[in-house]
Amino acid sequence: MATTEECRTALDTLSDNLARTDGDVRRAAALDRSLSCHITDLGITFTGRLADGRIEVLDTRQGPPGEKAQIRLAMAGDDLVAMVGGRLNFARAWASGRVRLEAGVRDLLRLRALL
């Protein structure tokens, strides 16, 4: 099982990867939205912002998200680490229910370039 530190490192790596993209992916990542990532098996939630093509983690809290972020992710820590490491395909994990993504329709349409 992935640790809190491994999950935080995975989010930082994802942020770095997003910052290096270009084209449609860069435009999709250029949203300015609140973000939460609930790690279900650890019972923690990272909250922050997706802004200027980067993920900025502002807080880590026990339990589910306290406030409803504009973009909400939920998954096991191992799945987060595997996705960022390229060992798990996001679209397949999402389709199988291993990853939950909730956002407004307009945001989902823009985010599909990231998927």
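Note that the coordinates shown come from a computational prediction; the quantities given were computed from them, not determined experimentally. In what follows, residues are counted from 1 in the order of the sequence shown.
When each of Val57, Thr60, Leu35 is tested with Leu11 by the rule side-chain contact (heavy atoms from CB on, under 4.5 Å), just one qualifies, namely Val57. Test Val84, Leu101, Asp79 against Phe90 for side-chain contact (heavy atoms from CB on, under 4.5 Å) and you get one pass: Leu101.
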Can you check side chain to side chain contact (heavy atoms under 4.5 Å, CB included) on Asp32 and Leu50, steps first, answer last?
CA-CA 6 Å; Asp32 183 8; Leu50 172 63; over 6 Å; no
What's the verdict on side chain to side chain contact (heavy atoms under 4.5 Å, CB included) for Ser34 and Lys68, showing C-alpha distance, side-chain angles and the deciding distance?
CA-CA 9 Å; Ser34 60; Lys68 186 175 179 181; over 6 Å; no
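Annotation: the span from Ile71 atom CD1 to Leu73 atom CG amounts to 8.0 Å, rounded to 0.5 Å. Here the straight-line distance linking atom CG of Leu80 with atom CZ of Arg98 works out to 12.0 Å at 0.5 Å rounding. Distance CE/Met1 to CG/Asp78: 8.0 Å, rounded to 0.5 Å. Here the straight-line distance linking atom CD1 of Ile39 with atom CD of Glu6 works out to 11.5 Å at 0.5 Å rounding. Rounded to the nearest 0.5 Å, atoms CZ (Arg72) and OG1 (Thr45) are 12.5 Å apart. Atom CG of residue Asp107 and atom CD of residue Glu102 lie 12.5 Å apart, to the nearest 0.5 angstrom.
Residue Arg61 places its CZ atom among more than 12 non-hydrogen atoms of other residues, nucleotides or ligands, all under 6.0 Å distant.
In terms of heavy-atom proximity, Leu108 sits nearest to Ala103 at CD1-O, 3.5 Å. Closest non-hydrogen pair, Ala2 versus Cys7, comes out as CB-SG, 4.1 Å. In this structure, Ser36 and Pro65 approach most closely via the heavy-atom pair OG-CG, 3.8 Å.
Without hydrogens or angle criteria, His38 side chain to Ile44 main chain gives a donor-acceptor distance under 3.5 Å. Looking at Asp52, its side chain never comes within 3.5 Å of a backbone N or O of Arg54 through a donor-acceptor pair.
Between Asp12 and Arg8 there is a salt bridge, since at least one side-chain N of the basic residue sits less than 4.0 Å from a carboxylate O of the acidic one.
Under a hydrophobic clustering in which Ile, Leu, Val, Met, Phe, Trp and Tyr are joined whenever their side-chain heavy atoms come within less than 4.5 Å, directly or via other members, Met83 and Leu42 fall into the same cluster. At a threshold of 4.5 Å between side-chain heavy atoms, the hydrophobic network of Ile, Leu, Val, Met, Phe, Trp and Tyr places Leu18 and Val99 in one connected group.
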